[in-house]
Engineer: 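I have a structure here, written as structure tokens, and I will follow up with some questions on it.
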Amino acid sequence: MNRRVVTFHYTLRDPAGRVLDTSAGADPIVYLEGAGQIIDGLDEQLRALAAGAKSRVQVPAARAYGERDPAQVQQIRRDQLPVDGELKIGDQFQTDRDQHAPIVTVVAIDGDHVTLDANHPLAGVDLTFDVEIVAARPATAPELAHGHAHGADGTGHCQ
Ligand SMILES: [Zn+2]
């Protein structure tokens, strides 16, 4: 199958209908199909849509950010945290200076112990995307070689 570069707008909602994220008012998303640039469950379902299509796409948690893993919730001592100052429930920070280090969320504070949740904030959440396909074109050879889109028209720089 020929892979496409797709440009689309989206609004993401949780099962209660709350808007979690949207591209409205910003640039649309541009991605290469099957390259892991967007979540798998959305990538798969957008393949059926042509330019101009508007659709509601449901992506179960398992095909989005995964199910919640209870083992990712751990209690540690406050003084083991790489964070100075006050902590409160809901605070998020990276566990390391490495920019790819996991993000953890403070879910409980009990004296000098803190409970951290390293699950993705959207783990276990079924997602609903309202999408509009702005454009879709065949991927170029350099895009296929690099595994990512080079902008809406294929002439953009590598990210
Ligand atoms: Zn590139």
Side-chain angles (χ1 to χ4, degrees), residues 1-74 81-84 90-107 116-159:
M1 191 188 92
N2 292 324
R3 290 162 72 189
R4 303 181 300 171
V5 168
V6 177
T7 303
F8 74 108
H9 273 296
Y10 71 95
T11 295
L12 168 61
R13 291 185 176 83
D14 69 9
R18 282 185 297 254
V19 174
L20 299 174
D21 195 11
T22 179
S23 64
D27 289 338
I29 305 300
V30 183
Y31 72 97
L32 170 63
E33 285 178 340
Q37 290 191 276
I38 62 173
I39 60 173
D40 289 349
L42 184 60
D43 191 315
E44 285 168 9
Q45 295 189 61
L46 293 188
R47 285 179 212 185
L49 301 179
K54 291 184 181 181
S55 186
R56 172 161 288 186
V57 176
Q58 315 266 7
V59 182
R63 299 296 295 146
Y65 293 96
E67 302 292 355
R68 286 183 53 78
D69 176 5
Q72 295 294 311
V73 179
Q74 292 191 328
L81 286 179
V83 177
D84 297 321
D91 281 354
Q92 294 186 322
F93 52 87
Q94 285 185 297
T95 50
D96 202 312
R97 290 184 191 281
D98 179 345
Q99 64 167 332
H100 298 298
I103 292 173
V104 298
T105 304
V106 176
V107 293
L116 300 175
D117 185 349
N119 284 288
H120 188 282
L122 293 180
V125 180
D126 295 327
L127 304 178
T128 298
F129 292 88
D130 285 308
V131 300
E132 177 179 1
I133 308 298
V134 177
R137 61 171 173 78
T140 65
E143 286 172 328
L144 292 171
H146 294 185
H148 55 227
H150 289 167
D153 65 0
T155 65
H157 293 290
C158 286
Q159 294 121 347

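Counting starts at 1 for both ligands and their atoms, following the listed order.
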Engineer: List in chain and number order the residues that pass side-chain contact (heavy atoms from CB on, under 4.5 Å) with P60, two or more places apart in sequence or in another chain; answer none if no residue qualifies.
Structural biologist: R63, D126

Engineer: State whether H157 contributes an N/O/S atom found under 2.8 Å from the Zn ion (ligand 1).
Structural biologist: no

Engineer: Report the atom name of the nearest N/O/S atom of H150 relative to the Zn ion (ligand 1).
Structural biologist: NE2

Engineer: If you look at H146, which of its N/O/S atoms is nearest to the Zn ion (ligand 1)?
Structural biologist: ND1

Engineer: Could you work out, with side-chain contact (heavy atoms from CB on, under 4.5 Å) as the rule, every residue matching I39, not counting sequence neighbours?
Structural biologist: L42, V59, A64, Y65, L127, F129

Engineer: Considering only heavy atoms from C-beta outward, does the side chain of V57 approach that of Y10 to under 4.5 Å?
Structural biologist: no

Engineer: With a 4.0 Å cut-off, would you call R4 and E33 a salt bridge?
Structural biologist: yes

